[in-house]
Amino acid sequence: MSLDNTSQPSVEYCTDTVNARHMHGRPEHELVPSRYALKVGTIDVTVVSDGVLSLPGAMLGHNADPAVREAWLHDMFLPPDVLEWALNVVLVRSGDRTILIDAGIGMEFPDLKRAGQLIRRLEDADIDLASVTDVVLTHLHMDHVGGLLVDGVKERLRPDLRIHVAAAEAKFWESPDFSRVSMPPGFPDALRRTGKQFLKEYQSQMRLFENEYEVAPGVLVTRTGGHTPGHSVVRLASGGNRLTFAGDAVFQVGFEHPDWYNGFEHDPEEAARVRVRLLRELAANRESLVATHLSFPSVCHVAVDGDHFRWVPGPWEY
Ligand SMILES: [Zn+2]
């Protein structure tokens, strides 16, 4: 798979999107709304799907035996060579704050056109961009910040918007190290470019934290490192309930094979240590887990199963 990092969305794609939204002179609603709401104590949580990314199967674990990797995909009823990656974003309301956690991939990558749906889906959920008081970014990879770089989005956000990012993450993207990753061609350049563009566009609104920061009552962002040096997770706690948004610390394969190195991890050994530590903790305290690339809506629990982990999907609530 290639990613042409200089091209723009094709005219055909833009026209299709506009037509779909304004057929018969009014916006069309999607058959599948791709959002899911739940409560953590008094905190409102909405998981919104930005869409799906199709990536090479090897991204699962570039240190794994290809035959074992293929067998895992087969066991999961997935094709042998393509990984269909969910792309989940979370909106949290706590007290008087409305907090967007990550922002999807945006519209800049026509090869990945099944994703980039976030802005439209927030609108469909009657969530006004101007109501967002805070953005928390787990890290600055393009599938987590791209939605904020879509034309016209910055102008619709509040001028006093606060964007919370680990200081180590902002520093990393000034001169990022890609020597340990294993990504498809085109991705490192696209990631470098979007990371730098994000820092330039939003510098004045960024609120950097060292290790953790309480964004709102019961909403704590905590740096883990590993995936990227400033990768962070968001811990929600209210009324005895807990939920963690793990960003890219946990992937679907990570329950059974937490030691497999994902192709997008900048420090794979540390990323694996972070994953095991987090999964152990979530299994022990029985809290809910949501993660960017777990199958939508991704609300689940973690169980310990011998020397690895088991993914336990949450019950459907509606
Ligand atoms: Zn990601």
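Read the numbers this way: they start at 1 and go in the same order the structure lists the ligands and their atoms.
Among the heteroatoms counted here (N, O or S) of Asp248, OD2 is the one nearest to the Zn ion (ligand 1).
Angle subtended at the Zn ion (ligand 1) by Asp143 OD2 and His293 NE2: 90°, rounded to 10 degrees.
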Chi angles and distances behind the salt bridge (charged side-chain N to carboxylate O under 4.0 Å, His left out) call for Glu30, Arg121: CA-CA 9 Å; Glu30 294 182 286; Arg121 287 176 176 167; 2.8 Å; yes
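Between His266 and Phe172, a ring centre-to-centre spacing shorter than 6.0 Å is recorded. Proximity of the aromatic rings of His139 and Trp173 is defined here by a centroid distance below 6.0 angstrom, and this criterion is not met.
Residue contacts to the Zn ion (ligand 1): His139 brings no N, O or S atom closer than 2.8 Å. The distance from the Zn ion (ligand 1) to the nearest N/O/S atom of His144 is under 2.8 Å.
The CG atom of Leu78 sits 8.0 Å away from the CD atom of Glu84 when rounded to the nearest 0.5 Å.
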